[in-house]
Engineer: 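Can you keep this structure in mind? I'll have questions shortly.
Atom set for the values below is all heavy atoms of this structure, side chains included, hydrogens, waters and symmetry mates excluded.
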Amino acid sequence: MTSFVPGQRWISDTETEQGLGTVLTFDSRMVTLLFPTTGETRLYSINNCPLSRVQFNPGDKIESHEGWTMTVTEVIEENGLLMYRGVLPDGKPKELPESELGNFIHFNKPQDRMLAGQIDQNSNFSLRYKTLLNNCRLLSSPVRGLLGARTSLIPHQLHIAREVSGRHAPRVMLADEVGMGKTIEAGLILHQQLITERASRVLILVPETLQHQWLVEMLRRFNLHFGLFDEERCRAIEDENPFNTGQLILCSLDFLSQSEHRFQQALEVDWDLLIVDEAHHLVWSEENPSREYQVVETLSSQIPGLLLLTATPEQMGPESHFARLRLLDPDRFHDLVTYQEEEKNYEPVAEAVQELLENNHLPEVACQHLTGFLGHDCQPLIDLINNGSSEQKETAREQLLKTLLDRHGTGRVLFRNTRAAVGGFPGRVVQGYAQKLPELYQIAQEEETEARGSLYPELAYQSHICVDDMDPWWKVDPRIDWLINLLKLLKKQKVLVICANANTALDLEDALRILSGIPTAVFHENMTIVERDRAAAWFADEEYGAQVLVCSEIGSEGRNFQFAHHLVLFDLPAHPDLLEQRIGRLDRIGQTETIKIHVPFIEGTGQELMFHWYDQGLNAFADTCPSGSMVFEKLGEAFTEALAPEKKTTLADIQPLIEETADLNAKMNKHLHNGRDRLLEINSRGTLSNEDLINDIEAQEEPRQLKRYMEKLFEGFGVESEDHSKHCLVVRPGSHMVTSFPGLPADGMTVTFDRDMALSREDMHFLTWEHPMVRESMDMLLTSEMGNTSVALLKNKALKPGTMLLEAIYVLGATGEKKLQLDRYLPATPIRCLIDPGMNNLSEKVAFDTLNAQLQPVKKGMAKKLVKAQREPILTMLARAEQAAKEQVNPIVTEACKNLLSHVTEEIKRLAALKAVNPNVRDEEIEHLKLRAALGHQCLQKAMLRLDGLRLMIAG
């Protein structure tokens, strides 16, 4: 039985954070300890107490409760109490009774814990080492930050995410066509920036209608918890700047544009990254920029990173497009006239790029174009392409393309993938349904003076015919009966109905409810965000949801309904880009069937003319219309004039304009194809196949290995887990949990490690190596002392019984400012040493897993005795292990420094080349990079080695 004496100092094996405890009282059954550090008292059973006697030895440094320290030279025991004799730092002798030891002494260092008898389970030592290896592998992974998203692995999205997120403070425009996943791309970039700690404070600005959608997407797909800020929330925290109360903040652009006070508060915060959705709303002219543009411009001038999202980058005209590029890179896009001249002369560049991509030998004309654009510095690369080996040709080609991307066109700041280039999208078919013009509508049309009334005849009816005792428009409009018949024909198939006006949407919902009883949700701009989300969720519900969702025009921006395959365009928008946005709600990644577009139009109105103009002139229903904006810019005014009521234009009258539109559309499409921005395509999709990137991600995911690892981790922390199905677990808090487990709710959760399962089962959490639960639990283990000591019995017949081996795990790491990104070059790297009695390091000859399989646990009491008996040999072997570990440091640090300098040198060369083209590139930027490289190199040179784990093994 353990012998206790009042005044002795003991430490709790299960609560080491309590510090040193002092024995107060004991009897034959129980002992009471006071822990002065926390002021808590604990009662333990003497026969089964998780306590270790604290006893220091000569050579140890100890501290008194008064704060002075001494080095122990002799330990004397009298009546069960220890007296330490030693010398102070100035050499004077001193005595210190154990009762006066400092209460804050913690045994965190592995050697201190082991020598103090703090021995962990061998399984936890193994778990700790595996965690170190996994952590190092993840930190150095080339796909770091791209593993954790709950998304399909789509090549063009992953290419953009990898290309952009690898940059320090990226500033780019994501301008993929509607339905190609710009929000996913932004989320992947954001996730990677946060995972790598290149960014920590993020502000997202979106249209008010999309706030909740962004909030849900960031949480559901990326496990990012954003705070949604509006005036009400800001008022609730008026004691300080509300934007300082969160790291990840989402709010509407209108909110900051309309409140100067909130805008100024947002400016006071040191953001790392700004994301702006629907950026085509940022209208600009040199004389009169919009307030929204001014807000974003001011913020972006202070925030290092900027992502602009828009599906229609040139919708507001070339000046506004230039203005958005100017937000991203004012050095590169410093003059509108220069930019426009450069764009006009792009076709020769396109031809040179085409030759570069398709041929192994560049013709003289292409060589002249390239040297004309890049200067004669590129001649050596051209010579290699024409005369070098296959490997030299490929390397030179990549370097030339990279240089062209940087210095010509929109270069590195714009990404735009098109459906045509990416492929794999389902088809679209359109059916027009001509409806007879009702007599009352005809009368209303005669009273109408604006084209709007011809396009939306229900508005003309309400303005000129409908009074209190008249029928509402939907009792007159033939499209209502047509719509009800279509919905009945389609039975329970989901149908999205889009119209231009909110009141029309509300009336449509009334009509369908009253006349047919068909379950109908409605979605318009006058609803609250929560009401819109509920309507969208009701429509999405497969089993009990609404068959129909009626949207006003805002339904064509941002919301995704690709689970539906039928789209009813109750009326038509006035601009081709708006039409594409409407169709893009269904025609997007994830759509599995051909999209059926239904367009009812009333004969003799502008609706009929508009349908045929879009269909026959622009072919905008059956396919995307890349030249729609340019055609509209040239012929839109003539078409709008033809819609004027006083013109009484018929379909026959407008046929020449439709034919002119078709001809112009064909010519512009051909021009776009011939002079298409091949550099932009390369920048957006990459020159190489992205299958390698997908393979890298799938290889890194390792769902089986992660599942096995997490089961061990759950077990180590006392979390209960059981199999649910293949690659799936049910986890819940256990009755013997060591501490609360990150992200684990009280009622447990079902998790899957399989991406396909996660995409099909929204109710399961998708655990990856980058999921917050996995990362935080790994951090929790590595920042604790759990598993950093162990004693085990080694069963190996080749070893003489009693042979002692010492395994020491060191970690090499560098410290410095986060912005230096040192873990890109030197992640926390474990170094393993295995020392035998002959002081040889056997780590390369004996693998960890091989050794681990031969070990058996030792009872804690026996382990303490072994350590105490072998104290001197342990210290000698530990000194040899440290020497062996230090021998491995220089090669690792040298390689890290080499990688750092290589990366920074490339960036400096790029800026210097840009400066030659554009004097607005500041010398300060280049100097800043040089300073960063010098600081990083200095920090890497000072990389520290620390002991992280220690295991003693005795052969037997």
Engineer: One pair to check against side chain to side chain contact (heavy atoms under 4.5 Å, CB included): Arg582 and Glu553. What are the steps and the verdict?
Structural biologist: CA-CA 8 Å; Arg582 285 191 182 191; Glu553 196 69 74; 2.8 Å; yes
Engineer: Side-chain donor-acceptor pair under 3.5 Å between Glu458 and Thr504, yes or no?
Structural biologist: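 Yes, because at least one side-chain N or O of Glu458 sits under 3.5 Å from a partner of the opposite role on Thr504.
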Engineer: Ignoring hydrogens and geometry, is there a side-chain-to-backbone donor-acceptor pair from Arg416 to Ala175 under 3.5 Å?
Structural biologist: yes
Engineer: Let me see the working for Gln462 and Asp507 under side chain to side chain contact (heavy atoms under 4.5 Å, CB included), right down to the final yes or no.
Structural biologist: CA-CA 12 Å; Gln462 291 173 85; Asp507 290 343; 4.2 Å; yes
Engineer: Check the angle between the aromatic planes of His765 and His771 and answer parallel, tilted or perpendicular using the 30° and 60° thresholds.
Structural biologist: perpendicular
Engineer: Would you find a donor on one side and an acceptor on the other, under 3.5 Å apart, between the side chain of Arg479 and the backbone of Phe570?
Structural biologist: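 Side chain of Arg479 to backbone of Phe570, a donor-acceptor pair under 3.5 Å: yes, one is there.
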Engineer: Start with the C-alpha distance between Val568 and Ile498, add both sets of side-chain angles, then the distance that settles side chain to side chain contact (heavy atoms under 4.5 Å, CB included), and finish with yes or no.
Structural biologist: CA-CA 6 Å; Val568 172; Ile498 301 182; over 6 Å; no
Engineer: Before giving the answer on side chain to side chain contact (heavy atoms under 4.5 Å, CB included), spell out for Glu278 and Val206 the whole-Å C-alpha distance, their side-chain angles and the decisive distance to 0.1 Å.
Structural biologist: CA-CA 7 Å; Glu278 303 293 349; Val206 302; over 6 Å; no
Engineer: Hey, does the side chain of Ser454 reach the backbone of Gly606 with a donor-acceptor pair shorter than 3.5 angstrom?
Structural biologist: yes
Engineer: Would you compute the distance between atom CD1 of Ile189 and atom CG of Leu194 and round it to the nearest 0.5 angstrom?
Structural biologist: 12.0 Å
Engineer: For Gln193 and His191, does a side-chain donor sit closer than 3.5 Å to a side-chain acceptor?
Structural biologist: no
Engineer: Under the ring pair (Phe, Tyr, Trp, His ring centres under 6.0 Å) rule, what pairs show up with a residue in residues 241-267, not counting sequence neighbours?
Structural biologist: Phe229-Phe243
Engineer: Is it true that a side-chain atom of Tyr614 and a backbone atom of Pro573 form a donor plus acceptor pair closer than 3.5 Å?
Structural biologist: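 Yes; judged by distance alone, with no hydrogens or angles, the pair exists.
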Engineer: Got a salt bridge between Lys182 and Glu217, using NZ or NE/NH1/NH2 to carboxylate O under 4.0 Å?
Structural biologist: no
Engineer: Measuring from atom CD of Glu531 to atom CG of Asn526, what distance do you get when rounded to the nearest 0.5 angstrom?
Structural biologist: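 Reported to 0.5 Å precision, the distance equals 10.0 Å.
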Engineer: If you round to the nearest 0.5 Å, how far is OG1 of Thr310 from CG of Leu282?
Structural biologist: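 If we round to the nearest 0.5 Å, Leu282:CG and Thr310:OG1 are 9.0 Å apart.
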Engineer: Search all heavy atoms of Leu146 against all heavy atoms of Glu770 and return the closest pair with its distance.
Structural biologist: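 Closest approach of Leu146 to Glu770: N-OE1, 3.6 Å.
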Engineer: Taking all non-hydrogen atoms of both residues, which atom of Tyr293 and which atom of Ala323 are closest, and how far apart?
Structural biologist: OH-O, 2.8 Å
Engineer: Has Arg428 got a side-chain atom pairing as donor or acceptor with Ala620's backbone, closer than 3.5 angstrom?
Structural biologist: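 Pair found, side chain donor or acceptor close to backbone of Ala620.
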Engineer: Just how far is it from atom CD1 of Ile160 to atom CZ of Phe415, taken to the nearest 0.5 Å?
Structural biologist: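 Reported value, rounded in 0.5 Å steps: 6.0 Å.
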Engineer: Could I get the full list of ring pair (Phe, Tyr, Trp, His ring centres under 6.0 Å) partners for Trp482, not counting sequence neighbours?
Structural biologist: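 Checked Trp482 against ring pair (Phe, Tyr, Trp, His ring centres under 6.0 Å); matches are Tyr433.
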Engineer: Compute the ring centroids of Phe539 and Phe563, then answer whether they are less than 6.0 Å apart.
Structural biologist: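 Judged by ring-centre distance (under 6.0 Å), Phe539 and Phe563 do meet the cut-off.
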Engineer: Scan residues 242-254 for pairs that pass salt bridge (Lys or Arg N to Asp or Glu O under 4.0 Å), counting only residues two or more places apart or in two chains.
Structural biologist: none
Engineer: List the atom of Leu228, the atom of Arg233, and the distance in Å for their closest heavy-atom pair.
Structural biologist: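 Scanning both residues completely, I find the closest heavy atoms to be O-CD, 3.3 Å.
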Engineer: What's the separation between atom NE2 in His156 and atom CD in Glu185, rounded to the nearest 0.5 Å?
Structural biologist: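 If I round to the nearest 0.5 Å, the distance is 5.0 Å.
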Engineer: Taking everything shown except Glu268 itself, do over 12 heavy atoms lie less than 6.0 Å from its CD?
Structural biologist: yes
Engineer: Within this structure, what is the OG1-CG distance for the pair Thr594 and Leu586, rounded to the nearest 0.5 Å?
Structural biologist: 12.0 Å
Engineer: Could you check whether any side-chain N or O of Gln264 sits under 3.5 Å from a backbone N or O of Glu260, counting only pairs where one atom can act as donor and the other as acceptor?
Structural biologist: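 Not confirmed, Gln264 side chain does not pair with Glu260 backbone.
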Engineer: Give a yes or no on whether the backbone of Arg150 and the side-chain of Arg221 come within a donor-acceptor separation of less than 3.5 Å.
Structural biologist: yes
Engineer: Can you tell me if Gln211 uses its side chain to pair, donor with acceptor, with the backbone of Ser252 under 3.5 Å?
Structural biologist: yes
Engineer: What pair of heavy atoms forms the shortest contact from Pro600 to Gln607, and how long is it?
Structural biologist: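 Looks like O-OE1, 4.3 Å.
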Engineer: Ignoring hydrogens and angles, state whether a donor on the side chain of Gln493 or His565 is under 3.5 Å from an acceptor on the partner side chain.
Structural biologist: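 Checked: Gln493/His565 side chains show no N/O donor-acceptor pair below 3.5 Å.
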Engineer: Do the rings of Phe601 and Phe611 sit parallel, tilted or perpendicular, given the 30° and 60° boundaries?
Structural biologist: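 Parallel, since the angle between the ring planes stays under 30°.
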Engineer: Please name the pair of heavy atoms, one in Phe621 and one in Ile597, separated by the smallest distance, quoted to 0.1 Å.
Structural biologist: O-CD1, 3.6 Å
Engineer: Should the heavy atoms of other residues, nucleotides or ligands under 6.0 Å from CD of Glu232 be counted, would the total exceed 12?
Structural biologist: no
